[in-house]
Amino acid sequence: MDDARPVYAPGWYPDTTAPGFERWFDGAAWTQHTRPTEAGGAAPTHVDETADTPRAAGEPAAAPRRWYARKAIIIPVAVAASVVVISSLSVALGSSRRSDITPVASQPLASEAGAEKLTETPEPLVTVPNVVGISGAEATSALSAAGFTVDLGGGDPTMPVVTQDIAGGSQAAAGATVRLTLEEKPALSLGQQNALRSATQYLGFMHFSRAGLLEQLTSEYGEGYPAEDAEFAIAALEQAGKVDWNAEAAEAAQSYLDMMAFSRDGLYDQLTSEYGEGFTPEQANAGLAAVGY
(Lines give C-alpha, C1' and ligand atoms only; values in the text may rest on other atoms or scores of the structure.)
Protein backbone atom coordinates (compact mmCIF):
# COMPACT_ATOMS: atom_id res chain seq x y z
CA MET A 1 0.00 0.00 0.00
CA ASP A 2 1.29 3.58 -0.84
CA ASP A 3 2.74 5.75 2.04
CA ALA A 4 0.33 8.71 2.35
CA ARG A 5 2.48 10.81 4.79
CA PRO A 6 3.55 14.30 3.50
CA VAL A 7 7.24 14.90 2.78
CA TYR A 8 8.85 18.21 4.06
CA ALA A 9 12.29 19.69 3.42
CA PRO A 10 14.17 21.01 6.48
CA GLY A 11 13.30 24.68 7.15
CA TRP A 12 11.08 27.25 8.94
CA TYR A 13 7.33 26.75 8.65
CA PRO A 14 4.36 28.65 10.10
CA ASP A 15 3.52 27.36 13.58
CA THR A 16 -0.22 26.77 13.61
CA THR A 17 -0.15 26.50 17.44
CA ALA A 18 1.38 29.98 17.81
CA PRO A 19 0.16 32.54 15.27
CA GLY A 20 2.95 34.92 14.14
CA PHE A 21 5.72 32.40 14.80
CA GLU A 22 7.54 29.84 12.73
CA ARG A 23 8.85 26.46 13.87
CA TRP A 24 11.91 24.65 12.53
CA PHE A 25 11.39 21.29 10.81
CA ASP A 26 14.57 19.18 10.56
CA GLY A 27 13.29 17.02 7.75
CA ALA A 28 12.10 14.24 10.06
CA ALA A 29 10.27 15.94 12.96
CA TRP A 30 9.32 19.33 14.37
CA THR A 31 11.87 20.85 16.77
CA GLN A 32 11.42 23.22 19.78
CA HIS A 33 13.06 26.12 17.90
CA THR A 34 10.68 28.94 16.99
CA ARG A 35 10.96 32.55 15.78
CA PRO A 36 8.69 35.44 14.78
CA THR A 37 7.35 35.26 11.29
CA GLU A 38 8.80 38.73 10.33
CA ALA A 39 12.33 37.46 10.84
CA GLY A 40 12.12 34.51 8.48
CA GLY A 41 9.71 35.44 5.66
CA ALA A 42 7.05 33.23 4.25
CA ALA A 43 7.24 29.55 4.97
CA PRO A 44 7.94 27.41 2.00
CA THR A 45 5.06 25.49 0.67
CA HIS A 46 5.07 21.72 0.49
CA VAL A 47 3.81 19.70 -2.44
CA ASP A 48 2.10 16.65 -1.02
CA GLU A 49 2.02 13.79 -3.53
CA THR A 50 -1.31 12.68 -2.07
CA ALA A 51 -2.94 16.13 -1.81
CA ASP A 52 -4.73 18.16 -4.50
CA THR A 53 -3.13 21.53 -3.33
CA PRO A 54 0.16 22.49 -1.54
CA ARG A 55 -0.03 22.44 2.26
CA ALA A 56 2.11 24.45 4.69
CA ALA A 57 3.86 23.04 7.74
CA GLY A 58 1.71 22.33 10.77
CA GLU A 59 -1.42 21.66 8.78
CA PRO A 60 -2.95 18.28 9.49
CA ALA A 61 -2.04 15.62 6.96
CA ALA A 62 -4.58 15.27 4.21
CA ALA A 63 -6.27 11.90 3.91
CA PRO A 64 -4.63 9.86 1.16
CA ARG A 65 -6.63 9.61 -2.04
CA ARG A 66 -8.17 6.29 -2.92
CA TRP A 67 -6.14 4.04 -5.22
CA TYR A 68 -8.71 4.49 -7.96
CA ALA A 69 -8.47 8.31 -7.64
CA ARG A 70 -4.71 8.21 -7.95
CA LYS A 71 -4.99 5.84 -10.92
CA ALA A 72 -7.72 7.83 -12.66
CA ILE A 73 -5.50 8.17 -15.71
CA ILE A 74 -3.97 4.68 -15.71
CA ILE A 75 -7.32 2.84 -15.63
CA PRO A 76 -8.89 4.65 -18.62
CA VAL A 77 -5.70 4.13 -20.58
CA ALA A 78 -5.72 0.41 -19.76
CA VAL A 79 -9.38 0.13 -20.68
CA ALA A 80 -8.77 1.91 -23.97
CA ALA A 81 -5.88 -0.42 -24.74
CA SER A 82 -8.09 -3.44 -24.03
CA VAL A 83 -10.75 -2.09 -26.34
CA VAL A 84 -8.17 -1.66 -29.09
CA VAL A 85 -6.94 -5.26 -28.61
CA ILE A 86 -10.49 -6.69 -28.59
CA SER A 87 -11.38 -4.66 -31.68
CA SER A 88 -8.31 -5.98 -33.48
CA LEU A 89 -9.24 -9.56 -32.58
CA SER A 90 -12.81 -9.00 -33.78
CA VAL A 91 -11.58 -7.63 -37.10
CA ALA A 92 -9.20 -10.60 -37.50
CA LEU A 93 -11.90 -13.14 -36.68
CA GLY A 94 -14.36 -11.35 -38.95
CA SER A 95 -11.87 -11.45 -41.80
CA SER A 96 -11.31 -15.19 -41.20
CA ARG A 97 -15.04 -15.91 -41.27
CA ARG A 98 -15.55 -13.80 -44.35
CA SER A 99 -12.77 -15.72 -46.11
CA ASP A 100 -14.85 -18.93 -45.64
CA ILE A 101 -17.93 -17.41 -47.23
CA THR A 102 -18.26 -17.60 -50.96
CA PRO A 103 -19.03 -14.14 -52.32
CA VAL A 104 -22.58 -13.80 -53.49
CA ALA A 105 -21.37 -12.64 -56.88
CA SER A 106 -19.56 -15.96 -57.46
CA GLN A 107 -22.65 -18.07 -56.75
CA PRO A 108 -24.89 -18.81 -59.74
CA LEU A 109 -28.24 -17.10 -59.67
CA ALA A 110 -31.39 -19.18 -59.67
CA SER A 111 -32.21 -17.90 -63.14
CA GLU A 112 -28.76 -18.93 -64.40
CA ALA A 113 -29.14 -22.44 -62.92
CA GLY A 114 -32.53 -22.74 -64.56
CA ALA A 115 -31.04 -21.67 -67.87
CA GLU A 116 -28.37 -24.36 -67.58
CA LYS A 117 -31.05 -27.00 -67.01
CA LEU A 118 -32.98 -25.78 -70.00
CA THR A 119 -29.94 -26.19 -72.19
CA GLU A 120 -29.35 -29.82 -71.15
CA THR A 121 -29.73 -32.35 -73.95
CA PRO A 122 -33.05 -34.21 -73.57
CA GLU A 123 -33.18 -37.99 -73.57
CA PRO A 124 -33.81 -39.42 -77.07
CA LEU A 125 -37.30 -40.73 -77.77
CA VAL A 126 -37.74 -44.42 -78.55
CA THR A 127 -40.74 -46.28 -79.97
CA VAL A 128 -42.33 -48.50 -77.31
CA PRO A 129 -42.91 -52.12 -78.47
CA ASN A 130 -46.42 -53.53 -78.20
CA VAL A 131 -46.15 -56.48 -75.79
CA VAL A 132 -49.82 -57.13 -75.02
CA GLY A 133 -50.65 -60.82 -75.44
CA ILE A 134 -47.14 -62.25 -74.97
CA SER A 135 -45.77 -63.62 -71.73
CA GLY A 136 -44.25 -61.34 -69.12
CA ALA A 137 -40.84 -62.91 -69.73
CA GLU A 138 -41.03 -62.26 -73.48
CA ALA A 139 -42.30 -58.71 -72.88
CA THR A 140 -39.41 -58.02 -70.53
CA SER A 141 -36.90 -59.13 -73.16
CA ALA A 142 -38.50 -57.01 -75.90
CA LEU A 143 -38.76 -53.86 -73.79
CA SER A 144 -35.27 -54.22 -72.33
CA ALA A 145 -33.81 -54.60 -75.81
CA ALA A 146 -35.49 -51.30 -76.76
CA GLY A 147 -33.85 -49.55 -73.80
CA PHE A 148 -36.76 -49.48 -71.35
CA THR A 149 -37.09 -50.58 -67.75
CA VAL A 150 -39.87 -53.08 -67.05
CA ASP A 151 -42.14 -53.36 -64.01
CA LEU A 152 -44.22 -56.55 -63.92
CA GLY A 153 -46.01 -55.48 -60.77
CA GLY A 154 -45.22 -58.76 -59.05
CA GLY A 155 -47.06 -60.86 -61.63
CA ASP A 156 -46.06 -64.31 -62.87
CA PRO A 157 -43.75 -63.78 -65.89
CA THR A 158 -45.14 -66.93 -67.50
CA MET A 159 -48.56 -65.30 -67.80
CA PRO A 160 -49.54 -63.10 -70.77
CA VAL A 161 -49.51 -59.30 -70.67
CA VAL A 162 -52.99 -57.77 -70.41
CA THR A 163 -52.12 -54.05 -70.54
CA GLN A 164 -49.10 -51.74 -70.66
CA ASP A 165 -49.18 -48.20 -69.26
CA ILE A 166 -47.21 -46.73 -72.21
CA ALA A 167 -49.05 -47.79 -75.34
CA GLY A 168 -47.21 -49.78 -77.96
CA GLY A 169 -46.13 -47.65 -80.91
CA SER A 170 -45.92 -44.43 -78.88
CA GLN A 171 -42.73 -42.49 -78.19
CA ALA A 172 -41.05 -42.42 -74.77
CA ALA A 173 -37.69 -41.37 -73.38
CA ALA A 174 -35.02 -44.04 -73.37
CA GLY A 175 -34.77 -45.62 -69.94
CA ALA A 176 -38.41 -44.91 -69.05
CA THR A 177 -40.24 -47.52 -66.99
CA VAL A 178 -43.04 -49.45 -68.73
CA ARG A 179 -45.47 -50.98 -66.23
CA LEU A 180 -47.19 -54.17 -67.32
CA THR A 181 -50.33 -55.87 -66.02
CA LEU A 182 -50.18 -59.66 -66.33
CA GLU A 183 -53.03 -62.12 -66.40
CA GLU A 184 -53.49 -63.76 -63.04
CA LYS A 185 -52.25 -67.30 -62.83
CA PRO A 186 -55.18 -69.63 -62.19
CA ALA A 187 -55.14 -71.98 -59.24
CA LEU A 188 -54.15 -75.49 -60.29
CA SER A 189 -56.39 -78.46 -59.78
CA LEU A 190 -54.93 -81.58 -58.25
CA GLY A 191 -54.92 -83.29 -61.67
CA GLN A 192 -53.03 -80.38 -63.25
CA GLN A 193 -50.49 -80.32 -60.44
CA ASN A 194 -49.79 -84.06 -60.81
CA ALA A 195 -49.64 -83.93 -64.62
CA LEU A 196 -47.13 -81.06 -64.42
CA ARG A 197 -45.05 -83.00 -61.94
CA SER A 198 -45.06 -86.14 -64.15
CA ALA A 199 -44.13 -84.17 -67.27
CA THR A 200 -41.21 -82.55 -65.45
CA GLN A 201 -39.96 -85.94 -64.25
CA TYR A 202 -40.14 -87.53 -67.72
CA LEU A 203 -38.14 -84.70 -69.29
CA GLY A 204 -35.60 -85.03 -66.51
CA PHE A 205 -34.49 -88.57 -67.35
CA MET A 206 -35.05 -89.02 -71.12
CA HIS A 207 -35.72 -87.15 -74.37
CA PHE A 208 -39.25 -86.49 -75.63
CA SER A 209 -40.93 -84.63 -78.43
CA ARG A 210 -44.05 -82.68 -77.55
CA ALA A 211 -46.26 -85.31 -79.21
CA GLY A 212 -44.35 -88.12 -77.51
CA LEU A 213 -44.69 -86.54 -74.05
CA LEU A 214 -48.39 -85.92 -74.55
CA GLU A 215 -48.85 -89.58 -75.56
CA GLN A 216 -46.91 -90.74 -72.50
CA LEU A 217 -49.04 -88.65 -70.15
CA THR A 218 -52.42 -89.63 -71.62
CA SER A 219 -51.87 -93.27 -72.72
CA GLU A 220 -53.54 -96.05 -70.83
CA TYR A 221 -50.12 -97.72 -70.92
CA GLY A 222 -48.53 -94.57 -69.56
CA GLU A 223 -49.89 -92.17 -66.95
CA GLY A 224 -53.52 -92.02 -68.07
CA TYR A 225 -54.08 -88.31 -67.33
CA PRO A 226 -57.02 -86.57 -68.98
CA ALA A 227 -55.93 -84.87 -72.20
CA GLU A 228 -56.74 -81.39 -70.80
CA ASP A 229 -54.53 -81.93 -67.74
CA ALA A 230 -51.66 -83.28 -69.86
CA GLU A 231 -51.97 -80.39 -72.32
CA PHE A 232 -52.01 -77.91 -69.45
CA ALA A 233 -48.84 -79.42 -67.97
CA ILE A 234 -46.92 -79.27 -71.28
CA ALA A 235 -48.08 -75.69 -71.98
CA ALA A 236 -47.04 -74.60 -68.49
CA LEU A 237 -43.54 -75.98 -69.10
CA GLU A 238 -43.33 -74.17 -72.44
CA GLN A 239 -44.47 -70.84 -70.98
CA ALA A 240 -42.00 -71.16 -68.15
CA GLY A 241 -39.18 -71.87 -70.63
CA LYS A 242 -38.43 -75.21 -69.00
CA VAL A 243 -38.42 -77.22 -72.22
CA ASP A 244 -36.56 -76.75 -75.53
CA TRP A 245 -37.91 -79.14 -78.22
CA ASN A 246 -34.93 -78.54 -80.52
CA ALA A 247 -32.60 -79.58 -77.72
CA GLU A 248 -34.76 -82.64 -77.09
CA ALA A 249 -34.46 -83.57 -80.79
CA ALA A 250 -30.67 -83.23 -80.65
CA GLU A 251 -30.56 -85.45 -77.57
CA ALA A 252 -32.72 -88.08 -79.33
CA ALA A 253 -30.53 -88.01 -82.47
CA GLN A 254 -27.36 -88.50 -80.43
CA SER A 255 -28.97 -91.35 -78.52
CA TYR A 256 -29.82 -93.18 -81.79
CA LEU A 257 -26.31 -92.66 -83.14
CA ASP A 258 -24.82 -94.02 -79.90
CA MET A 259 -26.81 -97.26 -80.41
CA MET A 260 -26.23 -97.80 -84.14
CA ALA A 261 -25.27 -96.19 -87.42
CA PHE A 262 -27.82 -94.05 -89.26
CA SER A 263 -27.81 -92.13 -92.50
CA ARG A 264 -29.11 -88.62 -92.32
CA ASP A 265 -32.37 -89.57 -94.02
CA GLY A 266 -32.79 -92.63 -91.86
CA LEU A 267 -32.20 -90.65 -88.70
CA TYR A 268 -34.53 -87.92 -89.93
CA ASP A 269 -37.31 -90.49 -90.49
CA GLN A 270 -36.75 -91.95 -87.04
CA LEU A 271 -37.04 -88.51 -85.44
CA THR A 272 -40.18 -87.42 -87.34
CA SER A 273 -42.12 -90.68 -87.66
CA GLU A 274 -45.30 -91.10 -85.63
CA TYR A 275 -43.96 -94.55 -84.76
CA GLY A 276 -40.67 -93.04 -83.75
CA GLU A 277 -40.10 -89.82 -81.82
CA GLY A 278 -42.76 -87.55 -83.39
CA PHE A 279 -40.65 -84.37 -83.67
CA THR A 280 -41.68 -81.71 -86.18
CA PRO A 281 -39.53 -81.38 -89.34
CA GLU A 282 -38.04 -78.14 -88.01
CA GLN A 283 -37.15 -79.73 -84.68
CA ALA A 284 -35.68 -82.84 -86.42
CA ASN A 285 -33.47 -80.73 -88.69
CA ALA A 286 -32.27 -78.71 -85.71
CA GLY A 287 -31.42 -81.94 -83.92
CA LEU A 288 -29.54 -83.33 -86.94
CA ALA A 289 -27.53 -80.12 -87.29
CA ALA A 290 -26.61 -80.32 -83.63
CA VAL A 291 -25.03 -83.79 -84.07
CA GLY A 292 -23.24 -82.88 -87.30
CA TYR A 293 -25.72 -83.99 -89.95
request  = Let me see the working for Ser135 and Val161 under side chain to side chain contact (heavy atoms under 4.5 Å, CB included), right down to the final yes or no.
outcome  = CA-CA 6 Å; Ser135 70; Val161 177; over 6 Å; no

query = Are Gln201 and Ser198 linked by a side-chain donor-acceptor pair shorter than 3.5 Å?
reply = no

query = Any salt bridge between Glu238 and Arg210, counting N to O under 4.0 Å?
reply = yes

request  = Ignoring hydrogens and angles, state whether a donor on the side chain of Glu22 or Thr34 is under 3.5 Å from an acceptor on the partner side chain.
outcome  = no

inquiry  = Using a 3.5 Å distance criterion without hydrogens, assess whether the side chain of Gln270 forms a donor-acceptor pair with backbone atoms of Ala252.
reply    = no

ask   = Got a donor-acceptor contact below 3.5 angstrom from the Glu277 side chain to the Thr272 backbone?
value = no

message = With a sphere of 6.0 Å drawn around CZ of Arg197, does it hold more than 12 non-hydrogen atoms of other residues, nucleotides or ligands?
response = no

message = Just by distance, no angles: are the side chains of Tyr202 and Glu223 close enough, under 3.5 Å, to form a donor-acceptor pair?
response = yes

Partners meeting side-chain hydrogen bond (donor to acceptor under 3.5 Å, both in side chains) with Tyr268 (sequence neighbours left out) = none

inquiry  = When you compare the side chain of Ser170 with that of Val128, does any pair of heavy atoms fall below 4.5 Å?
reply    = yes

task = Decide yes or no on ring-ring contact (aromatic ring centres under 6.0 Å, His included) for Tyr13 and Trp24, but give the supporting numbers first.
result = CA-CA 6 Å; Tyr13 295 87; Trp24 178 260; 8.2 Å; no

key: Minimum heavy-atom distance between Trp30 and Arg23, given as atom pair plus value   = CZ3-O, 3.8 Å

query = Judged by atom type as modelled, is there a donor-acceptor pair below 3.5 Å linking the side chain of Thr158 to the main-chain atoms of Ala240?
reply = no

task = For the pair Val291 and Leu257, evaluate side chain to side chain contact (heavy atoms under 4.5 Å, CB included) and give the outcome as yes or no after the intermediate values.
result = CA-CA 9 Å; Val291 297; Leu257 290 175; 4.0 Å; yes

query = Which one of Asp151, Leu152, Val132, Val162 satisfies the side chain to side chain contact (heavy atoms under 4.5 Å, CB included) criterion with Leu180?
reply = Leu152

query = Partners of Ser255 by side-chain contact (heavy atoms from CB on, under 4.5 Å), sequence neighbours excluded?
reply = His207

